[in-house]
Amino acid sequence: MTDSNTNEHQPTPDGAAEAPAEHQDFLREMVQGDLAAGRISGVVTRFPPEPNGYLHIGHAKAICLNFGIARQFEGQCNLRMDDTNPTKEDVEYVDSITADVKWLIAGWADHCLGMKPVGRLPEKSDLGGREDYYQPPVMAAEGATGSASAPEAGDAPGGSEAPASPEPLEPFYASDYFEPLYEYAVELVRRGKAYVCDHTPAEVDEMRGAPHRPGQESAFRDRTVGESLDLLERMRAGEFPDAARTLRAKIDMSAPNVWLRDPVLYRIRHATHHHTGDDWCIYPMYDFAHGLSDYIEGITHSLCTLEFEVHRPLYEWILEALDLPRAHPRQREFARLNMTYTVMSKRKLLRLVQEEHVSGWDDPRMPTVSGMRRRGYPAAAIRDFCGRIGVAKSDNMVQVQMLEHCVREDLNPRAPRAMAVLRPLRVVIENYPEGHVEEMEAVNNPEDASMGTRLVPFSRVIYIEQDDFREVPPPKYFRLSPGKEVRLRYAYVIKCTDVVKDPETGEVVEVRATYDPATRSGMNPEGRKVKATVHWVSADHAIDAEVRLYGALFTAEDPEDVPEDGDFIDSLDPDSLETLTDCKLEPSLGAAVPGAAVQFERLGYFCADPEDSRPGAPVFNRTVTLKDAWARIEKKQGQG
RNA sequence: UGGGGCGUAGCCAAGCGGUAAGGCAACGGGUUUUGGUCCCGUGAUGCGUAGGUUCGAAUCCUGCCGCCCCAGCCA
């Protein structure tokens with residue numbers, strides 16, 4: 001990483017910062033303004049998930065924002081577990097979150113990822129006669145240079161301390177700051193700005209008042225500093241049961257903003273924490289821990305979602321009440337992402353997993369990062385999507401089509417093509433010699449000649465898609481039907497001469513056809529215009545496979561918007577997964593690498609499932625369909 | 001009936017007092033051995049609404065309307 005002191009976004013002599021290259025939003029404008037005004041000398045953001053669930057596309061937006069800003073302004077972005085509630089969190093989640101973040105930013109912003117050596121705790125230093133805690137990052141990417149040093153008073157640490165380290169790294173943890181946080185709490189009490197309150201949860205609730213009615217002061221609000229200090233110490237020592245007492249900020253019980261009505265800072269919770277074990281039985285609340293964690297890490301911009309906007313006065317109150325010596329982080333808020341036909345709340349996603357409506361957090365239908373990865377969505381496409389939807393403050397509902405467009409756009413130029421027949425219909429080419437096999441040359445990607453060509457075997461009996469044949473073709477149907485011709489991709493033009501039906505059901509089970517030897521791929525006779533080209537697989541050479549077709553999980557555009565007596569589960573689409581077990585693939589697909597994208601011509605992008613695909617028993621996931629003009633025509637015909 | 005936000009095309013979203021970017025979707029057309037890709041074209045006399053200021057307003061002011069968030073010892 002480059003030393004940020006050479007940052008090109010430093011203020012210029014006339015005080016103006018250089019115009020940024022990426023698309024601008026109000027947050028980047030603020031960051032740029034802070035840089036230009038010299039309020040900060042480098043940018044440090046953070047991505048602070050609570051390890052109580054898997055990351056989803058909404059988190060991806062936050063990741064792209066925070067890492068995107070770090071990248072744009074040559075700063076850093078710390079990955080931090082916001083783990084202050086032991087009863088909800090688990091290491092399973094910290095592991096998945098860490099892996100998902102790394103996957104999402106790989107090749108794009110890994111050089112901005114701030115982590116820290118395993119087990120390292122904040123450094124305590126003396127800053128102008130005052131104690132200070134600082135937890136410097138180590139840039140996770142290779143090639144980090146520089147040396148660590150305690151920042152000076154009044155100066156934000158910026159991205160300039162980034163020591164290279166051979167040590168194993170881990171994310172930051174808010175729980176690594178429990179000791180400093182406790183000391184800050186003690187300091188708040190000493191300053192007369194916090195007190196231990198003995199009211200029960202129900203009393204506290206009752207006394208908080210209502211939005212339009214002032215609250216009532218705690219009976220313990222004015223107890224002496226000494227008494228509060230003693231009680232706080234004993235809370236920590238484990239002398240009291242859960243919920244017996246709390247530490248509260250002393251602000252204003254009549255404040256119109258309820259978060260300023262003496263909010264709870266610490267609660268008693270005799271529980272084992274996934275990261276600190278049984279070291280603590282009191283745990284800090286979000287509002288107390290978050291801003292101070294930001295401060296300890298030298299965060300300059302703390303970006304969160306809109307629902308925290310009303311917490312901002314408290315965020316600032318805590319920092320100011322402690323009169324902290326270094327530059328304070330600034331919290332700003334943006335709108336969270338909502339997307340059609342899916343749910344985004346962790347509670348709902350957890351329910352889908354627990355009630356087994358999906359196979360797990362990484363079910364390809366889930367909007368989770370791991371689900372999208374397994375489905376075959378490239379990280380670059382997700383990033384592109386996040387860039388396109390922008391960052392603003394209005395409530396939004398982005399259409400999934402936008403995401404799918406980004407996936408197709410990323411895959412089209414680089415995914416190799418192959419032929420696969422998902423719902424096979426046998427075609428016998430009557431005038432093609434029995435036992436004869438031709439190797440047809442097929443291009444691997446018409447968008448990129450450098451990807452070369454391959455040979456595909458052709459013979460007398462082939463499979464085509466059931467959908468590519470109609471006994472009675474509807475208007476504008478260009479594909480095969482009795483007496484009609486189609487081109488077989490990379491092979492010949494064939495003509496349907498007859499059909500064989502199941503005597504029981506009347507269903508067409510085989511198509512009889514003849515081919516025209518003069519139409520072999522590459523030699524296109526004049527005046528021979530065939531309206532459609534269909535894909536095919538030689539029956540004798542086909543590989544059998546399972547293919548999983550994924551659609552939207554819900555039938556409702558906004559599943560969260562349920563009627564009063566309803567449940568979002570009710571709008572689950574029972575057909576969101578269709579498993580096809582009799583698929584026929586061209587031989588080259590036998591070598592497919594799990595997770596690697598391939599386009600099944602005319603159908604969509606697919607990838608071998610990383611979990612379930614086996615050599616000899618391939619399983620493919622459909623990542624996304626190709627756009628389908630015929631489907632649209634058909635749909636319109638159905639309506640008209 | 002308190003506080004904090006937000007209203008620009010079907011969906012996102014620029015716009016920062018000088019006469020409504022861009023993307024997605026949709027719809028036409030062209031190219032095409034993928035009904036894919038690509039290319040061309042089409043959409044707001046209008047910015048929630050009503051007034052006001054101004055030579056000039058989506059941008060400034062005032063009122064009104066609508067939607068979202070906040071009364072966890074969750075984050």
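Letters A, B, ... mirror the listed sequences (proteins, then strands); counts begin at 1. We use all heavy atoms of the structure for the numbers below, so side chains are in, but hydrogens, waters and symmetry mates are not.
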Base-contact (B) and sugar-phosphate-only (S) positions in nucleotides 67-75 of chain B, heavy-atom cut-off under 4.0 Å, - elsewhere: -SSSBSBBB
Separation of B:G22 C1' from A:D384 CG (nearest whole Å): 13 Å
Sugar-phosphate, base or nothing in reach of A:I633, heavy atoms under 4.0 Å: base
Value in whole Å for how far the P atom of B:C12 lies from NZ of A:K393: 17 Å
A:R602 vs B:G35: side-chain N/O to OP1/OP2 distance below 4.0 Å: yes
Set of side-chain hydrogen bond (donor to acceptor under 3.5 Å, both in side chains) partners for A:R245, sequence neighbours left out: A:D198
4.5 Å side-chain heavy-atom contact, A:F469 and A:V486: no
Whole angstrom value for the distance that separates P of B:U37 from CG of A:D628: 10 Å
Heavy-atom closest contact (A:P284 atom, A:L181 atom, distance): CG-CD2, 4.0 Å
Residues in side-chain hydrogen bond (donor to acceptor under 3.5 Å, both in side chains) contact with A:K348, at least two apart in sequence or another chain: A:E560
Cation-pi geometry met for A:R46 and A:F172 (6.0 Å, 45°): no
Sugar-phosphate only, base, or nothing, as touched by A:E29 at under 4.0 Å among non-hydrogen atoms: base
Touch class at under 4.0 angstrom, heavy-atom based, for A:Y283 against every strand present: nothing
Side-chain donor/acceptor contact of A:E634 with base of B:G35 under 3.5 Å: no
Tabulate atom names and distances for all N/O pairs under 3.5 angstrom spanning the protein and nucleotides 25-27 of chain B.
residue	atom	partner	partner atom	Å
B:C27	OP2	A:R632	NH1	3.4

Same-atom distance (P) from B:G36 to B:U31, integer angstrom: 14 Å
Sugar-phosphate only, base, or nothing, as touched by A:G522 at under 4.0 Å among non-hydrogen atoms: base
Touch class at under 4.0 angstrom, heavy-atom based, for A:I389 against every strand present: sugar-phosphate
Spacing of A:L403 atom CG relative to B:C11 atom C1', expressed in whole Å: 13 Å
Side-chain-base donor-acceptor pair under 3.5 Å for A:R487 and B:U33: yes
Between B:U1 and B:C24 - C1' atom distance, rounded Å: 42 Å
Salt bridge (charged side-chain N to carboxylate O under 4.0 Å, His left out) contacts in which one or both residues fall within residues 400-416 of chain A, not counting sequence neighbours: A:R388-A:E409, A:D410-A:R414
Stems where RNA chain B pairs, listed by first number, each of three or more Watson-Crick or G-U pairs under 3.5 Å: B:2-7 with B:65-70, B:10-12 with B:22-24, B:26-30 with B:38-42, B:48-52 with B:60-64
Residues in salt bridge (charged side-chain N to carboxylate O under 4.0 Å, His left out) contact with A:D558, at least two apart in sequence or another chain: none
Euclidean distance for C1', B:G17 against B:U53 (whole angstrom): 12 Å
Sequence-distant partners of A:R330, salt bridge (charged side-chain N to carboxylate O under 4.0 Å, His left out), two or more places apart: A:D34
Nearest-angstrom distance from the residue atom CE of A:M397 to P of B:C11: 11 Å
Sugar-phosphate, base or nothing in reach of A:V530, heavy atoms under 4.0 Å: nothing
Those residues that, when tested against A:R221, pass salt bridge (charged side-chain N to carboxylate O under 4.0 Å, His left out) (two or more places apart): A:E217, A:D262
Spacing between A:L260 atom CG and B:G4 atom P, to the nearest angstrom: 12 Å
Touch class at under 4.0 angstrom, heavy-atom based, for A:E404 against every strand present: nothing
Touch class at under 4.0 angstrom, heavy-atom based, for A:E309 against every strand present: sugar-phosphate
Set of salt bridge (charged side-chain N to carboxylate O under 4.0 Å, His left out) partners for A:R208, sequence neighbours left out: A:D205
For A:E438, all residues meeting side-chain contact (heavy atoms from CB on, under 4.5 Å), sequence neighbours excluded: A:Y432, A:H436, A:M440, A:F458, A:Y492, A:R520
A:W630 and A:Y477 aromatic ring geometry - parallel, tilted or perpendicular at 30°/60° bounds: perpendicular
Conformer about C1'-N of B:G72 - syn within 90° of 0, anti elsewhere: syn
Integer angstrom distance from the C1' of B:G7 to that of B:G15: 15 Å
Interatomic distance at C1', B:A9 relative to B:U45, whole Å: 14 Å
A:K393 atom NZ: more than 12 heavy-atom contacts under 6.0 Å: yes
Euclidean distance, A:D90 CG relative to A:S96 OG, rounded to 0.5 Å: 9.5 Å
Atom C1', compared across B:A13 and B:C47: separation rounded to whole Å: 13 Å
Sugar-phosphate, base or nothing in reach of A:F385, heavy atoms under 4.0 Å: nothing
4.5 Å side-chain heavy-atom contact, A:K61 and A:F334: yes
Span that lies between the P atom of B:A57 and that of B:U49, in whole angstrom: 15 Å
A:S521 (side chain) and B:U33 (base): donor-acceptor pair under 3.5 Å: yes
A:R336 atom CZ, over 12 foreign heavy atoms within 6.0 Å: no
Interatomic distance where CZ belongs to A:R414 and C1' belongs to B:U37 [whole Å]: 16 Å
Nucleic acid contacts of residues 329-340 of chain A, taken as heavy-atom distances under 4.0 Å to RNA chain B: none
Whole angstrom value for the distance that separates C1' of B:U33 from CG of A:L480: 16 Å
Integer angstrom distance from the P of B:G43 to that of B:G10: 15 Å
Within 6.0 angstrom of A:E206 CD, more than 12 heavy atoms from elsewhere: no
